[in-house]
Structures are given as C-alpha cells and as structure tokens.
Amino acid sequence: MEKNLVIVESPAKARTIAKALGENFTVTSSFGHIRDLSKKKLGIDPDKGFTPEYVIPPDKKDLIKNLTKAAEEASLIWLASDEDREGEAIAWHLKETLNIPDEKTRRIAFHEITKDAILEAIENPRDIDMNLVMAQQARRVLDRLVGYKVSPILWKKVKPRLSAGRVQSVAVRLVVEREREIMKFQSTSSFRVEGLFTCPERNTDPFKAELNRRLNTDKEAEDFLNGCIGAEYSVTNVEKKQGRKCPAPPFTTSTLQQEASRKLGFSVGQTMSVAQRLYESGRITYMRTDSTQLSKTALASAKKIITNTYGAEYGKTRQYTARSKGAQEAHEAIRPTFMDLAKVEGNVAEKKLYDLIWKRTLASQMADALVDKTQISINKGKSADIFTATGEVIVFDGFLKVYRESSDDEPEKTSAKPAEILPPLESGDKLEAGQIKAVQRFTQSPFRYTEASLVKKMEELGIGRPSTYAPIISTILQRQYVIKGDRPAKTRKYLELVLQDNQVIRRENTEKYGEERGKLFPEDIGILVNDYLMEYFSSIVDYNFTAKVEEDFDRIASGRLVWNKMLEEFYRPFSKTLDQALETSRPGNGERYLGIDPVSGKPVSVRLGRFGAMAQLGESDDPEKRYAGLGKGQLLESITLEEALQLFKLPREMGLYQDSPVLVSKGRFGPYVKWQGKYVSLGKSDDPYSVTLERCVALIEQAREQETKKHILEFPEEDIRVLKGRYGPYISHAKKNYRIPKGTDPESLTLEDCRKIIQKKDND
DNA sequence: CAGTGAGCGAGCTTCCGCTTGACTT
C-alpha cells in the first residue's frame, strides 16, 4: 500500500487535514521555517554571490530527525505549506533538508480547509516554484544584511545591544515623527455658533442648527450674537438624500488587532495569543492572514444564519478584495470555523474576541444600512450667514443590527452630532430663534499611535507581515526606542457666549482634554537612533524602501530578475554607506542649552549621558556643577528650563523626625524618602517637589510597621530569617532567598527545618 | 535597589518571517 506523508506548517492545521484525508495519509507539520541563517554570524558572503549558509536551529533538530525518518518511510511526500513566498521556501527547504528525491515530491496548496478543497489539491500537484523560492531568499538575505550590518554600527557609535532593521526602524521613525508633529503643534481656537430654532406656524419642537462658518475671536462672536438680536430667520432649502452604509470586510490580522484594541482594550500581543488559543481549539480559522476572503462554505452558512435569524432581506453575500499593499492572501480571512456557533466556552478574553469575530463575519454578509439624511438651511435675515441643521434617520438597519466598526479618531466631545430626526419643514417657513450660543473650540494635535494604529500604518506602507506585527511592537518596546504610556487629562478654560432674551451673556468654563491611555511615546534613545539613521541610512528608513524592494522580489518571482543580481545592485551602494558611516559618522547626544538659572546664574543644559538623559547645572569645568536625571515622560527635545530647574530642587531636606534628618529625593526607581539610612518609596500620587514632612513621616511609620510584620521568624546567629514577601513567605539567608515547601506553616519552622531547605536548594 | 556621569577593555549584542511551547520571579 502507498504511504503518503503530508507536511503543513501548523500542527492545528495538520489535525484538521488529517481528518479530511483519512487513513492513507499521515499529516504532520514543520512548525514554520525549518532552516535559517545562523544567529551568530552573517551567514552570507557578499563577495561570493550572496549564497546563504543555512543551518538548522538547535530546537528544530529533533523535529528534522523525525521528519526525515517519516519521509524515508513514505512513498510520496506532499509539501503543503502555504502558497506564498515564505510557504514556497518552506517547501523547498523541506525537500532539501529531508533529502526528498524529485520523484517522491509533490507540491500542493490548500486554498481553504474543506474536504473538497483538500481533495482537489491532491488531484493537482505541481513542482516547487524555484523563482518564488529565490524571491524569498532575496528577502531573507536583504533583511539579514540590513539588520546585521547596521546594528553593529549602532553598538559602536551609540550603545550596545541596539538594533536596526528594514521594518523596526521605520516603525520607530513613525512614532518619532508623530511626536515631533505634536511638539510643533500650536492649538488655535475659534467659535462655533449653534442655535435652537422652532417653527411656530408648524408648532415644532426646538431643533439645533449650526452656523456654516467659525468666528475667529470672542469679539467677532459677540458682534455676531448682537447682530442676531431681532433678526428674522427662514428656511431657504430642505434637502433630502438617501445614504448607504456598508459593512466592514471580515477580519485580517491587522484589522482584528485594531478592533480588539479599540473595543476590548487588548494589546496586539494579547489579541494574537487569545486568537491562537481559539485557533488551536478549532473555533476560528488561521489568525495570521492578510486576506478578507471567505470560503464558499462560510458564505453559505452565514447566509443561512442571517436568513433564519433576521430574514432574507438582511442578507447580502459579498466577497471583499484585498485592501492592503503587498497582501499575499495565502489564507482566508479570520472567521469562526463554524458560523452557527454564536458563543464559545473559554475565559472572558476568548469569549469576547470570538464574539467580535463572529459578529464582524456575519455583518460582512449582511445588507447595507439605509439612512435618510435631511439638511435644512436657514437664512439669517438678509445676511450671507446660513445655519444648517442636519438629521439622520436609519430607515433600514441592515448589518448595523449586528456590528458597527469603531474608529481611531477620538471625536471632539462637544462637536455637533447629527440629530436623529428633524421636524418636517419647507422652504419659506419662518423660524424663531431660541438660545444662540458661540462656544470656543480648539484644534486638536495629531494623535499619538497606539500599538494597533501603528500596525495599521505599517500595513498601509506595506511594511511587516501579519506574523510579525506583534513581535515588531515588542522589539521596539524592548529596545526602549518607544514606551507605552498614559498622560493625564489637562484642563483649559474656554469661553461661551450665549444670546438669550436679547442679551449676550459671557461665561468662562473649564474643560478637560488630551487624556491619553496606552499610547506610544518615543524615548530619547529612540529619537537619537532615528535621527542618526535618517542622516546616514536614509534609504533604509525611507517609507518606500520596502515597497521598492517588494517590486524587485516580484520580478524575481516571475523570473524577470535574478535574485543575487538584485542583491548586488542593493549592496554596492549600501556597503559604501556602511563604510562611510563607520568612518565619519557621529551621532548626536541630544544636547540642548536651555538657559541660565536665575538663582545661581549658571547655565543649564541637557544631554544623553551614560545612564540616560540628564540635566547639568554649571559649566563642565565648574567644580560645583550638578547633575540630575530627567524624569519619566520628559524628553531632551522638549524639556523646558523651568522643568529642568525643578529637577535640581532635589534632594530636599525636609527637617527632623525623632532627631534624624528626613530627605526626599529621586532615584533610579522613582521618588523616595530617606531616613536613618532607610529608603521608602513615595506613593503614586505624591509629588517629591511638594510633599510635606508630615506625609513623609506617615510613609516612614507605615514602612516601619510593615518591616515588623515582614519578619516572621529570626535566627540571627546563623543569618537566617523567615520573611513575608510579595509572593508569600520565604527564607532569607546570606543574601539569597529560598522557597518554603507547599503546605508548610512558616511560623512553625524550626532552625533545623530552615537549614534543610537551604541545603537542599544549594545542592541543586 | 537608592544620587553614578571617566575608564583597563573580555565577550556579547543584531535582522524578518514562518510556527509553537516551556518557563516562574
């Protein structure tokens, strides 16, 4: 009997395919790529045609042994990795590494994981497409050259352990440039005028209408309102239009990450690991995809559910085409495996994410929503000023019954929302104005990126792949190029001028604005590295670099370009750039002179030092010069003289407590109080610059109390203590910690017990 | 863990894309 071995990339996929193929096929998986360039060295010789030296990573050795054995025993090996560049390369590496002869090799691809599709694939095997494989090889080698040639330059010129790459460096650039836009941004204000109108003849309720222009100053606003006194208003035009809203396409990796971020507050990493669990338990299709396509079976079952639940008029079968640049569409969109399963078992996160996927998929197959839009234009006397009232009524909800996509733009809270319904008015109707008010509004600075909106931007630029979006975010966070953080809301005053009973009243109100949560902020080192790369490696951090090389990869894939010729073309100028950077480049240290300290008359400057960003008070040759580290959220580029001077107010001598001095200062781990040689961290809401002695004493007392509670047992003669820590009780001895075995009551431990525990662990 | 800021100079750091586990402090 024939023995067939099918190799796919993912074990979960292998399980489903095994079921469809039956007993004559053994289905196994490669767990992604099986060979790669060595991590330790470059693995490419640019002088010898760029031929890569592939190695099997240590953690794949066992797998390869098993696969080789299985391949030897089989009579036919079906290489069923994905039908894209990376998948084709995996098929080729498998054939090479497992030593599979041509006559035993069959290359197939499944377009959807259904029995019919799988059997059809088996009927139509082909050869490995070497052009596509070489396109992948060119991609791999190029990324290695960029990453492993530029990073060491950063180690030498800036700081060890830094990194640069075709994708990550552009991600950092986006964050840095957005921050600079925000720094540069100057808010301006104008006055938005809104009136309440009624039509006495038709006995209507009051409705809102907005003036079609903004007024620049409060004077202008006041004049305008005064001009409204006694004015006559009439309807000049009523326009009715029917609009449509169509559903969003089914999820890809990046749109799932965006929606899970906006609606569920998940990080992109969180979304991926929850999705992975749903995938492994067979609830959803593959979660790393750039395709919005749905399988025929999925389309059919969605239609059935919609018809049964909402009626046939709610259904509209549609297939969406790829929106993103460079999409390779090796998989389906992310959808429930079984559409008729509306809810899944699992933890809260799994349930919520599944619900989101289910609704989005279903909605994508539903009818457009129909909206009646009405716009009423209102004349103010004979002036050119026009007020406009807009109304929007949903006449058929369609897909909105199930799902509504959210947006990244945080709408200005007070801006006019369209009214649900407007009174039936006709051109020529006379209106009466009730209250008219002019409210000061401010322009908003650009938004900082969230993890998910950065992914969206990268996808738009064609940079990165579904499998790398989450890891890229972790990398730039890990390198401390960017940091994820919050900013509290700020308050500002705004003016409101109200015309009521023929009088203009002026009010000053306050409002909160600009609160940010979970946003990406650049760090000083990220800014510095970005500026360095922009100066010496501008072609690499060019937003179009990836798109340009992708064109070449496509030409390689279609046989119009030879892979190492392309690399040759790239490398010749690139190696010159490298040499130049090594020889001549000097990265900045972010140094800025901020001004003179009015108290001491000494100059204040900031720069990046060995231990991070710092401020310096006094010239470098001043023996009494002082240093202070910059605080959290402060950047070299934007810190002001006032803020820097503030830093030198620490340490503060607070006074005496029980005859010992109390000191407040800031260290590596944040602000602290020091008293009698002991350190106590300040609370989250305490400000080291304004905290009082009283509060410090309270903190000291609290810490003292905890200290006494912390000690459960003491055997000082042998330097053994039983302490209570963050993770429960433990034994401390000679500056090392030891766990207490489960089920042991820490208070009943004897000195002998402790010795045993210590000895046991030290012997391990 | 707790205020550093110059420097002997070993040996190490690093990319992007495929894919899952194996680990507790």
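Both backbone and side-chain heavy atoms feed into the values below; hydrogens, waters and symmetry mates do not. In what follows, every chain begins at residue 1, and chains take the letters A, B, ... in the order their sequences are listed.
Of the candidate nucleotides B:dT20, B:dT19, B:dC16, B:dT20 has the atom lying nearest to any side-chain atom of A:Met287. Nearest to the side-chain atoms of A:Glu86 among the listed nucleotides B:dG17, B:dA2, B:dT14 stands B:dG17. Ranking B:dC16, B:dT13, B:dT20 by closeness to the A:Phe31 side chain, first place goes to B:dT20. The nucleotide whose nearest atom lies closest to any side-chain atom of A:Tyr148 is, among B:dC15, B:dT20, B:dC18, B:dC15. Taking only side-chain atoms of A:Ser151, from C-beta outward, the nucleotide of B:dC15, B:dC16, B:dT13 with the closest atom is B:dC15.
With values rounded to the nearest 0.5 angstrom, A:Ile64 atom CD1 is found 11.0 Å from A:His93 atom NE2. A distance of 9.5 Å separates CZ of A:Arg35 from CG of A:Leu94, quoted to the nearest 0.5 Å.
Both A:Ser38 and A:Tyr286 lie near DNA chain B, and the one whose nearest nucleotide falls closer to the 5' end is A:Ser38. Closest-nucleotide positions on DNA chain B for A:Met614 and A:Val680 were compared, and the one nearer the 5' end corresponds to A:Val680.
Contact check, A:Ser10 against B:dT20: a side-chain N or O comes under 4.0 Å of OP1 or OP2. Regarding contacts with the backbone of B:dC15, a side-chain N or O of A:Ser163 is found under 4.0 angstrom from either OP1 or OP2. Applying the 4.0 Å criterion to OP1 and OP2 of B:dG17, one finds that A:Thr468 has a side-chain N or O inside that range. For B:dG5, neither phosphate oxygen OP1 nor OP2 lies less than 4.0 angstrom from any side-chain nitrogen or oxygen of A:Gln616. Applying the 4.0 Å criterion to OP1 and OP2 of B:dC16, one finds that A:Gln168 has a side-chain N or O inside that range. Put simply, A:Arg479 has a side-chain N or O that comes within less than 4.0 Å of OP1 or OP2 on B:dT14. Between B:dC18 and A:Lys60, no contact under 4.0 Å exists linking OP1 or OP2 to a side-chain N or O. OP1 or OP2 of B:dT19 sits under 4.0 Å from a side-chain N or O of A:Arg288.
Rounding to whole angstrom units, CG of residue A:Asp524 and P of B:dG5 are separated by 20 Å. As a whole-Å value, the separation of A:Gln137 CD from B:dC16 P is 19 Å. For A:Ile540 and B:dC16, the CD1 to C1' distance is 14 Å, given to the nearest whole Å. One interatomic measurement links the two molecules: CD of A:Glu280 to P of B:dT19, which rounds to 12 Å at whole-angstrom precision. Rounded to an integer number of Å, the gap from CD of A:Gln478 to C1' of B:dC16 is 15 Å. In this structure, A:Ile473 places its CD1 atom 12 Å from P of B:dC16, rounding to the nearest Å. One atom, CG of A:Asp84, and another, C1' of B:dC16, lie 14 Å apart when rounded to the nearest Å. Note: CG (A:Leu582) to P (B:dT14) measures 19 Å, nearest angstrom.
At a cut-off of 3.5 Å, with distance as the only test, no side-chain donor of A:Gln276 or A:Tyr286 sits close to an acceptor on the other residue.
At a threshold of 4.0 angstrom between heavy atoms, the contacts of A:Gly464 are confined to the sugar-phosphate backbone, with no base atom among them. Among the protein residues, A:Leu162 comes within range of the sugar-phosphate backbone only, with heavy atoms under 4.0 Å from sugar or phosphate atoms but none that close to a base. Within 4.0 Å of A:Lys39, counting heavy atoms only, lies at least one base atom of the nucleic acid. Note on A:Arg166: only backbone sugar-phosphate atoms sit closer than 4.0 angstrom, heavy atoms only; bases stay farther off. Within the nucleic acid shown, A:Gly32 comes within 4.0 Å of at least one base atom, counting heavy atoms only. Residue contacts shown for A:Ala89 are absent, as no nucleic acid heavy atom lies under 4.0 Å away. Nucleic acid contact class of A:Gly43 (heavy atoms, under 4.0 Å, all strands): none. Contacts of A:Ser29 with the nucleic acid, taken as non-hydrogen atoms under 4.0 Å apart, are absent. Nucleic acid contact for A:Val146: none, since no nucleic acid atom lies under 4.0 Å from a heavy atom of the residue. The residue A:Lys159 sits apart from the nucleic acid: no heavy atom pair falls under 4.0 Å. Contacts of A:Pro471 with the nucleic acid, taken as non-hydrogen atoms under 4.0 Å apart, are absent. Among the atoms of the strands shown, only primed sugar atoms or phosphate atoms (P, OP1, OP2) are found under 4.0 Å from some heavy atom of A:Tyr279. Nucleic acid contact for A:Arg35: none, since no nucleic acid atom lies under 4.0 Å from a heavy atom of the residue.
Using modelled atom types, no side-chain atom of A:Arg15 and backbone atom of A:Thr28 make a donor-acceptor pair closer than 3.5 Å. Formation of a donor-acceptor pair under 3.5 Å by the A:Glu9 side chain with backbone atoms of A:Ser29 is not found in this model. A side-chain donor-acceptor contact under 3.5 Å links A:Trp155 to the backbone of A:Leu162. Between the side chain of A:Ser585 and the main chain of A:Leu582, no donor-acceptor pair closer than 3.5 Å is present.
Contact of the A:Val691 side chain with the A:Arg652 side chain is registered, since non-hydrogen atoms from C-beta on lie closer than 4.5 Å. Counting only heavy atoms from C-beta outward, the side chains of A:Glu88 and A:Ile128 approach each other to under 4.5 Å.
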Close N/O contacts between protein and nucleotides 7-11 of chain B (under 3.5 Å):
residue : atom : partner  : partner atom : Å
B:dG7   : N7   : A:Arg610 : NH2          : 3.4
B:dG7   : O6   : A:Arg610 : NH2          : 2.6

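The base of B:dC15 sits within donor-acceptor range of the side chain of A:Arg140, with an N or O pair under 3.5 Å. Between the side chain of A:Arg144 and the base of B:dC16 there is no donor-acceptor pair of N/O atoms closer than 3.5 Å.
Between A:Arg85 and A:Glu550 there is a salt bridge, since at least one side-chain N of the basic residue sits less than 4.0 Å from a carboxylate O of the acidic one.
Atom name P, nucleotides B:dG11 and B:dC15: the rounded distance is 23 Å, in whole Å.
Shown are A:Glu591, A:Arg607, A:Lys625; of these, the side chain to side chain donor-acceptor pair (under 3.5 Å) with A:Gln616 is made only by A:Arg607.
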